[in-house]
Visitor: 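Attaching a single structure in structure tokens format; questions to follow.
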Amino acid sequence: MSVVSDTTIGDRTLDDLWDTPLALDLFAGAGGACRGLQTYGHRGLGWEVIGIDADPRKARYYPGVFVEHDLTEGLPEFVDDYADQIEIVWASAPCTFATDLQFARSGENLIPLARDLCQEIDPPVWILENVPGAREHLEKPVQLCGSSFGLGVRKHRLFETSFFAHGTACSHPDGFDYAIGDREAPVTGYRRAHGLSPRSPLPAKALREVIPPAYVHELLDQYIHYAPHSHESTS
């Protein structure tokens, strides 16, 4: 299991990103997907990432360029300025409307909005992510599990993609070191269980929301393998 380190928090702005291949991270949260996009391939193929989220508190942990904006009001104006540079859009609409924790269910289903935004941007690649309870709202989703990547969290997640993709088989051991929402777990171990550095700034609360970077790497590997065209940034 590889470990993703945090080295870029707070050191980039939008003005630094001209003429650079970009990924756009919608409903960005604390940046699990961002960490995967930045480190993809471990061969210098990762993207500079712009994250958009309505909650300014997420900026504290976000490793890319963070833009505070409410996506229910549409895309921010800067997206048009960078449109030719955006190669991938990742969208993790809030999952609280479909969580398995019945007492925690709340909010609106924003998956249709996320899909519309991806299609409006129209990048070469887009990916929607959500929880298993949102299956009926996703089109032909595939499921990934932390156990497929040697991670210490099960964390089933569904993905709708703009390209052909397949799920990974679960390989659940008798027990996991950590469970989703485990409030007693040492935070350094919980970070490592997600494939992150134990020195990552993410607290346990944020970790419960993030996507392990290994999931991002797997889907992008599948895109490169199955896509009928090559991706310029991987040539």
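As a basis for the values below, the full set of heavy atoms in this structure was taken, side chains included, without hydrogen atoms, waters or symmetry mates. Just so it is clear, the model here is predicted, and its values are computed rather than measured.
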Visitor: Could you check if a side-chain atom of Phe164 sits within less than 4.5 angstrom of a side-chain atom of Gln222, using non-hydrogen atoms only?
Guide: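 A side-chain contact under 4.5 Å is absent here.
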Visitor: Is it true that, when you exclude Asp16 itself, more than 12 heavy atoms of the residues, nucleotides or ligands shown sit nearer than 6.0 Å to its CG?
Guide: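 Yes - once you tally the heavy atoms of other residues, nucleotides and ligands closer than 6.0 Å, there are more than 12.
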Visitor: So how far is it from Leu128 CG to Glu160 CD, rounded to the nearest 0.5 Å?
Guide: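 Between atom CG of Leu128 and atom CD of Glu160 there are 4.5 Å.
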Visitor: Could you tell me which non-hydrogen atom of Pro63 sits nearest to which non-hydrogen atom of Cys34, and how far apart they are?
Guide: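 The pair with the smallest heavy-atom distance is CG-SG, 3.5 Å.
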Visitor: If you take all heavy atoms of Ile111 and Ala134, which pair is closest and at what distance?
Guide: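 Scanning both residues, the minimum pair turns out to be CD1-CB, 3.8 Å.
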Visitor: Sub-3.5 Å donor-acceptor pair from the side chain of Ser147 to the main-chain atoms of Cys170, do we have one?
Guide: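 Not confirmed, Ser147 side chain does not pair with Cys170 backbone.
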Visitor: Could you go through Cys145 and His156, starting from their C-alpha distance and side-chain angles, then the distance that decides it, and tell me whether this counts as side-chain contact (heavy atoms from CB on, under 4.5 Å)?
Guide: CA-CA 5 Å; Cys145 171; His156 293 161; 3.4 Å; yes
Visitor: In the structure I gave you, are the side-chain heavy atoms of Glu218 and Val142 within less than 4.5 Å of one another anywhere?
Guide: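 Glu218 does not reach Val142 side chain to side chain.
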Visitor: Restricting to non-hydrogen atoms, name the atom on Lys155 and the atom on Val210 that form the minimum distance, rounded to 0.1 Å.
Guide: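 For Lys155 versus Val210, the nearest heavy atoms are NZ-O, 2.7 Å.
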Visitor: Please tabulate, for the side chains in residues 70-79, all donor-acceptor contacts under 3.5 angstrom to protein atoms that are two or more places apart in sequence or on a different chain.
Guide:
| residue | atom | partner | partner atom | Å |
| --- | --- | --- | --- | --- |
| Asp70 | OD1 | Thr72 | N | 3.0 |
| Asp70 | OD1 | Thr72 | OG1 | 2.6 |
| Asp70 | OD2 | Thr72 | OG1 | 3.1 |

Visitor: Go through it in stages, so that I can follow the logic: the residues are Trp126 and Ile121, the test is side-chain contact (heavy atoms from CB on, under 4.5 Å), and I'd like the CA-CA distance, side-chain angles, deciding distance and then a yes or no.
Guide: CA-CA 9 Å; Trp126 55 260; Ile121 299 166; over 6 Å; no
Visitor: Can you name the residues that form a ring-ring contact (aromatic ring centres under 6.0 Å, His included) with Tyr82, not counting sequence neighbours?
Guide: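 Per chain and number, Tyr82 pairs via ring-ring contact (aromatic ring centres under 6.0 Å, His included) with Trp18.
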Visitor: Judged by atom type as modelled, is there a donor-acceptor pair below 3.5 Å linking the side chain of Glu209 to the main-chain atoms of Gly29?
Guide: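 It does not hold such a pair.
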Visitor: If you round to the nearest 0.5 Å, how far is NE2 of His137 from CG of Asn109?
Guide: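 Answer rounded to 0.5 Å: 5.0 Å.
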Visitor: Between Phe27 and Pro94, which heavy-atom pair has the shortest distance, and what is it?
Guide: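 Shortest heavy-atom contact: CD2-CD, 3.7 Å.
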Visitor: Give me each pair satisfying salt bridge (charged side-chain N to carboxylate O under 4.0 Å, His left out) with a member in residues 122-151, each pair once, sequence neighbours excluded.
Guide: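 As it turns out, the salt bridge (charged side-chain N to carboxylate O under 4.0 Å, His left out) pairs with a partner in residues 122-151, which skip direct neighbours, are Arg115-Glu139, Glu129-Arg157.
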Visitor: Run the numbers on Arg60 and Phe66 for side-chain contact (heavy atoms from CB on, under 4.5 Å), then give the verdict.
Guide: CA-CA 9 Å; Arg60 179 180 179 184; Phe66 185 92; over 6 Å; no
Visitor: Roughly how far, to the nearest 0.5 Å, is CG of Leu37 from CD1 of Ile211?
Guide: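 If I round to the nearest 0.5 Å, the distance is 11.5 Å.
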Visitor: Please step through side-chain contact (heavy atoms from CB on, under 4.5 Å) for the pair Trp90 and Ile127, ending with a clear verdict.
Guide: CA-CA 5 Å; Trp90 183 283; Ile127 299 170; 3.7 Å; yes
Visitor: State, with a plain yes or no, whether a side-chain heavy atom of Tyr223 is found less than 4.5 Å away from one of Thr161.
Guide: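 No, side chains not in contact.
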Visitor: Can you find a heavy atom in the side chain of Leu196 that is under 4.5 Å from one in the side chain of Leu207?
Guide: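 Yes, side chains in contact.
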Visitor: Rounded to the nearest 0.5 Å, how far does CD of Glu68 lie from NZ of Lys58?
Guide: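 If we round to the nearest 0.5 Å, Lys58:NZ and Glu68:CD are 12.5 Å apart.
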Visitor: Given side chains that start at C-beta, do those of Leu117 and Leu113 come closer than 4.5 Å, heavy atoms only?
Guide: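 SC-SC contact between Leu117 and Leu113 confirmed.
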Visitor: Side-chain contact, heavy-atom cut-off 4.5 Å: Leu14 with Asp81?
Guide: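 No, too far: nothing below the 4.5 Å cut-off.
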Visitor: Could you give the distance from NE2 (His166) to CD (Gln143), rounded to the nearest 0.5 Å?
Guide: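 Spacing of NE2 (His166) from CD (Gln143) equals 14.0 Å.
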Visitor: Drop me the distance from His69's NE2 to Ile52's CD1, to the nearest 0.5 angstrom.
Guide: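 Between atom NE2 of His69 and atom CD1 of Ile52 there are 6.5 Å.
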Visitor: Indicate the atoms forming the closest heavy-atom contact of Ser148 with Ala169, along with that distance.
Guide: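 Shortest heavy-atom separation between Ser148 and Ala169 comes out as OG-O, 2.6 Å.
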Visitor: Hey, does Leu158 have a side-chain heavy atom less than 4.5 Å from the side chain of Asn130?
Guide: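 No. Closest side-chain heavy atoms not under 4.5 Å.
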Visitor: Between Pro212 and His194, is any pair of side-chain heavy atoms under 4.5 Å apart?
Guide: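 Yes, at least one pair of side-chain atoms sits under 4.5 Å.
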Visitor: Looking only at heavy atoms, what is the nearest atom pair of Tyr40 and His217, with distance?
Guide: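 Distance-wise, the nearest heavy atoms are CE1-O, 3.4 Å.
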Visitor: Give the C-alpha distance, both sets of side-chain angles, the deciding distance and a yes or no for side-chain hydrogen bond (donor to acceptor under 3.5 Å, both in side chains) between Tyr62 and Asp25.
Guide: CA-CA 11 Å; Tyr62 197 77; Asp25 185 10; 2.7 Å; yes
